[in-house]
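Data block below; observations after.
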Amino acid sequence: MNRSDQISVTIIQSEIEMDETRQIRYQVFVKEQKVSPEIEYDEFEDTSTHVLARIGGLAVGTARWRRTDLGYKLERFAVPISSRDKGVGTKLVAFILDQIEDNAYIYLNSQVSVMGFYAKLGFQAEGEIFYEADIPHRKMVYY
């Protein structure tokens with residue numbers, strides 16, 4: 001069996017799951033990437049749809065999406081170091097894309113270091129590099 005077959009992704013339904021999401025994001029963004037918690041946890045927390053990936057009951061990744069004036073923005077993809085290279089990010093992206101209506105404008109702001117990952121999943125870079133939380137990013141659109 002493929003390792004990615006063991007990954008389940010669900011929309012967060014409880015405060016316990018939301019706490020697991022916050023813990024993953026804290027570990028990845030605040031501790032590993034040195035993003036300020038004030039930037040990481042923003043005004044869109046309550047209006048976004050959050051998802052949680054699990055392997056064997058263990059929370060191994062998270063992301064969220066929200067509607068904007070442009071369309072749907074995917075964001076806050078976080079997979080702890082110990083769970084990387086297992087297909088978690090791919091499962092998160094695929095799950096979210098399945099939830100969004102066909103023909104919708106879908107985009108994200110990718111950290112430059114992981115643009116290749118999103119490109120493999122059908123996203124194309126647009127515009128110039130910019131900085132969010134002192135990390136270089138580039139907008140990518142799903143086609």
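For this chain, numbers begin at 1 and follow the sequence in order.
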Checklist entry - Looking only at heavy atoms, what is the nearest atom pair of Ser14 and Ile12, with distance? => result O-CG2, 3.5 Å
Checklist entry - Once you round to the nearest 0.5 Å, how far does OG of Ser83 lie from CD of Gln27? => result 8.0 Å
Checklist outcome for this item: Minimal heavy-atom distance between Arg138 and Glu128, with the atoms involved, is CG-O, 4.1 Å
Checklist outcome for this item: In Lys34, Arg22, Arg76, Lys31, the residue satisfying salt bridge (Lys or Arg N to Asp or Glu O under 4.0 Å) with Glu40 is Arg76
Checklist entry - Can you tell if the side chain of Met18 reaches within under 4.5 Å of the side chain of Glu45, non-hydrogen atoms only? => result yes
Checklist entry - Gly61 and Val88: which non-hydrogen atoms are nearest, and at how many Å? => result CA-CG1, 4.0 Å
Item to check | Co-members of Tyr107 in a cluster of I, L, V, M, F, W and Y side chains, linked at under 4.5 Å | outcome: Leu70, Tyr105, Val141, Tyr143
Checklist entry - Below 4.5 Å, heavy atoms only, C-beta onward: do Lys73 and Asn109 meet side chain to side chain? => result yes
Item to check | Flag side-chain contact, heavy atom, 4.5 Å: Glu101 against Asn103 | outcome: no
Checklist entry - Can Phe77 and Phe117 be said to form a ring-ring contact (aromatic ring centres under 6.0 Å, His included), step by step? => result CA-CA 12 Å; Phe77 285 88; Phe117 165 76; 7.6 Å; no
Next on the checklist: How long is the straight-line distance from NE2 of His137 back to OG of Ser113, given to the nearest 0.5 Å?
Outcome noted: 8.5 Å
Checklist entry - Would a distance-only check, ignoring hydrogens and angles, find a side-chain to backbone donor-acceptor pair under 3.5 Å from Tyr26 to Pro37? => result no
Item to check | Greater than 12 external heavy atoms within 6.0 Å of Asp42's CG | outcome: yes
Item to check | Within-4.5 Å side-chain heavy-atom neighbours: Phe29 and Ile39 | outcome: no
Next on the checklist: Could you measure the distance from the OH atom of Tyr118 to the OG1 atom of Thr90? Nearest 0.5 Å is fine.
Outcome noted: 9.5 Å
Next on the checklist: Atom CG of residue position Asp134 - does it have more than 12 heavy atoms of other residues, nucleotides or ligands inside 6.0 Å?
Outcome noted: no
Checklist outcome for this item: Tightest non-hydrogen contact, residues Met140 and Ala119, listed as CE-N, 3.9 Å
Next on the checklist: Please report the interatomic distance CG(Leu52) to OG1(Thr21), rounded to the nearest 0.5 Å.
Outcome noted: 4.5 Å
Item to check | Which atom of Pro80 lies closest to which atom of Ile24, heavy atoms considered | outcome: CD-CG2, 3.9 Å
Checklist entry - Taking all non-hydrogen atoms of both residues, which atom of Ala125 and which atom of Met115 are closest, and how far apart? => result CB-CE, 3.6 Å
Item to check | Residues Trp65, Leu108; criterion side-chain contact (heavy atoms from CB on, under 4.5 Å); working and verdict | outcome: CA-CA 9 Å; Trp65 79 90; Leu108 53 81; over 6 Å; no
Checklist entry - Quick one: are Ile96 and Ile106 in side-chain contact, heavy atoms under 4.5 Å? => result no
Next on the checklist: For a 4.5 angstrom cut-off between non-hydrogen side-chain atoms, does Ile81 reach Glu32?
Outcome noted: yes
Next on the checklist: Let's go through Arg25 and Arg64 carefully: what are the C-alpha distance in whole Å and the side-chain angles of both, what is the deciding distance for side-chain contact (heavy atoms from CB on, under 4.5 Å) to 0.1 Å, and is it a yes or a no?
Outcome noted: CA-CA 11 Å; Arg25 286 172 50 193; Arg64 73 180 193 193; 4.0 Å; yes
Item to check | Within residues 42-61 or reaching into it, pairs that qualify as ring-ring contact (aromatic ring centres under 6.0 Å, His included) - sequence neighbours excluded | outcome: none
Checklist outcome for this item: NZ of Lys91 to CZ of Arg54, rounded to nearest 0.5 Å, is 15.5 Å
Next on the checklist: Students often mix this up, so state it plainly: with edges at 30° and 60°, are the rings of Tyr142 and Phe123 parallel, tilted or perpendicular?
Outcome noted: tilted
Next on the checklist: What I'd like to find out is whether the side chain of Lys86 reaches to under 4.5 Å of the side chain of Val60, using heavy atoms alone.
Outcome noted: no
Checklist outcome for this item: Only residue of Thr62, Leu74, Val51 satisfying side chain to side chain contact (heavy atoms under 4.5 Å, CB included) with Leu92 is Val51
